[in-house]
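Written below as structure tokens is the structure these notes are about.
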Amino acid sequence: MRKILSVLLAAMLITGTSVTAFGATVSDVKKPMETAVQYIYGEKESFSAEDAKDFYLYLVSGADADRYAEKWCESVEQTVENGTLSGIGNVALVLYDMLLLGKDPTDFGGTDLVALFAETPLNEYDNPYLDMYAADIACAFGLDMLGRQICDRLVSKYTIGKGTDFWGGYGTSPDDLGVFIAAVSNYADDYREYMEDAVTLLKAYNTENGYDNYGVNANSTAYALAAAVCAQDKEMADDAFGKLMLFYNSKTGGFDSEYNDFISTQDAIFGLSHYFCYAEEDKPEPEKPGITQPAEKPSTQVSDKTENKVTNDKEEIKSPATGVSLFVPFAAMLAAGGAMAVSGKRKKQ
């Protein structure tokens, strides 16, 4: 039975960043994402179609997109009209953003962007880091032949026991292994041997202070965190989350790096957005005498038109953060408060 881990929903979240002994709470994950997004995008006036990855990171953090959505959509319309929306990873990120905005990518201004994605040829110069998003989208929309083609070309650059070689002789790294695991996890049973080997190699980069790639750093630790979630290894994910938070700078709100704090903060948002599915529910504050707060259920309403276009086989698993089903149609991306994280993953039983 095929299943798609398509949406990691979080309800309205409050502040707090303490790391618990057995994992993190929703608030533990949410607060650093909020400050990280403010740190790197707080002064940004608009996002364009070319900024699809940045907009993806902004959206998965749960930040309010109202101020950016209209101009971003106009930019996408313009690139489609001009025929400049190209590269399968770039198109995939645009689709991700469309879904996060609650829009139907099969009928965007009269254009079927899913069809455009399906018709985009694979190019030998495509970035493996963007293949990760392309594999997600192919899997989510049932484009399995294309999804496996994307995974196959990543596997063609992988040697059991040695790992990836994405860059022509420079060998593997925890970052590359993380990308590889995230991509092929969409069809995990087809690539089980490679998945298991990659996880084993990735764990070898783990240290008491984070994942090491020419020194421990937030970037590698963030990719390891995302990979651990995609590999469904909660113990590894909990450990990676705690170590990623060692790089958190409470003064700036970002994640420190010896080289580029902007990129390390971007990668941290990516890793944290995946970790939502393992975040534990915050303990409610004791009610004050004589005051009763009615419980509100989060809305998960989505467009039937969009939902019917998306692969619908699923196995229900409840989010520890919200109690919302995780294995749901890929388009179900609306949650109370707008806080959500997305990771399109399908596995076969």
Side-chain angles (χ1 to χ4, degrees), residues 4 6-7 37 41 44-61 63-150 153 183 186 266 270 273 302-312 329-334 338 340-344:
I4 176 168
S6 58
V7 185
V37 163
Y41 300 127
K44 195 168 182 65
E45 294 184 359
S46 64
F47 289 94
S48 68
E50 288 75 20
D51 298 324
K53 180 182 175 182
D54 290 282
F55 200 31
Y56 163 83
L57 294 172
Y58 182 87
L59 291 170
V60 295
S61 76
D64 184 5
D66 287 348
R67 60 183 289 202
Y68 295 122
E70 183 176 354
K71 286 187 176 181
W72 183 80
C73 288
E74 289 174 355
S75 175
V76 173
E77 288 180 0
Q78 191 64 48
T79 59
V80 171
E81 289 177 5
N82 295 340
T84 55
L85 181 58
S86 62
I88 197 161
N90 295 323
V91 181
L93 280 163
V94 167
L95 286 170
Y96 247 128
D97 296 347
M98 286 284 176
L99 293 169
L100 284 164
L101 289 171
K103 297 187 179 297
D104 182 0
T106 67
D107 185 13
F108 180 70
T111 300
D112 186 344
L113 294 179
V114 177
L116 176 63
F117 170 79
E119 295 165 1
T120 300
L122 300 185
N123 188 299
E124 64 177 309
Y125 299 109
D126 288 336
N127 188 331
Y129 279 59
L130 298 187
D131 273 356
M132 173 176 60
Y133 301 104
D136 283 357
I137 292 296
C139 176
F141 283 95
L143 302 170
D144 294 335
M145 181 177 293
L146 175 59
R148 289 187 175 92
Q149 287 176 341
I150 295 167
R153 72 171 176 179
N186 285 287
Q266 284 185 314
F270 174 77
S273 70
V302 295
S303 165
D304 291 338
K305 184 174 182 181
T306 304
E307 182 175 353
N308 291 338
K309 294 289 186 179
V310 184
T311 301
N312 200 33
F330 188 78
M333 296 190 177
L334 302 180
M340 65 189 71
V342 181
S343 175

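Predicted model only: the values in this text are computed from it and were never measured.
Note that CD of Q149 is 7.0 Å distant from CE of M145, once rounded to the nearest 0.5 Å. Y129 contributes atom OH, which lies 9.0 Å from atom NZ of K53 (distance to the nearest 0.5 angstrom). Once rounded to the nearest 0.5 Å, the distance linking CD of E81 with OG1 of T111 reads 8.0 Å. One finds the CG atom of D107 at 8.0 Å from the CG atom of D112 (value rounded to the nearest 0.5 Å). Going from atom CG of L146 over to atom CD1 of I137 covers 11.0 Å, rounded to the nearest 0.5 Å. Here N127 contributes atom CG and N90 contributes atom CG; the two are 9.0 Å apart, rounded to the nearest 0.5 Å.
In this structure, the side chain of T79 does not engage the main chain of L85 through any donor-acceptor pair within 3.5 Å.
Between Y96 and Y133, the ring planes lie perpendicular to each other; the angle is over 60°, past the 30° to 60° tilted range.
The side chain to side chain contact (heavy atoms under 4.5 Å, CB included) test with M98 is passed by exactly one of V76, D104, L93: V76.
Between F55 and D97, the shortest heavy-atom contact is CB-OD2, 3.6 Å. Residues A183 and A135 come closest through the heavy atom pair O-CB, 3.9 Å. Shortest non-hydrogen contact noted between A49 and V94 is O-CG2, 4.3 Å. Minimum interatomic distance between S273 and V60 (heavy atoms only, all atoms of both residues): CB-CG2, 3.8 Å.
Ionic pairing of D54 and K44 is not present here: no N-O contact between side-chain nitrogen and carboxylate oxygen is shorter than 4.0 angstrom.
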Identify every side-chain donor-acceptor pair in residues 115-125 under 3.5 Å, counting partners at least two apart or on other chains, and give the distances.
{"residue": "T120", "atom": "OG1", "partner": "L116", "partner atom": "O", "Å": "2.7"}
{"residue": "N123", "atom": "OD1", "partner": "Y125", "partner atom": "N", "Å": "2.7"}

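Partners of E50 according to the side chain to side chain donor-acceptor pair (under 3.5 Å) rule, which considers only residues two or more places apart in sequence or in another chain, are S48. The ring pair (Phe, Tyr, Trp, His ring centres under 6.0 Å) check on Y68 picks up F47, Y58, with sequence neighbours excluded.
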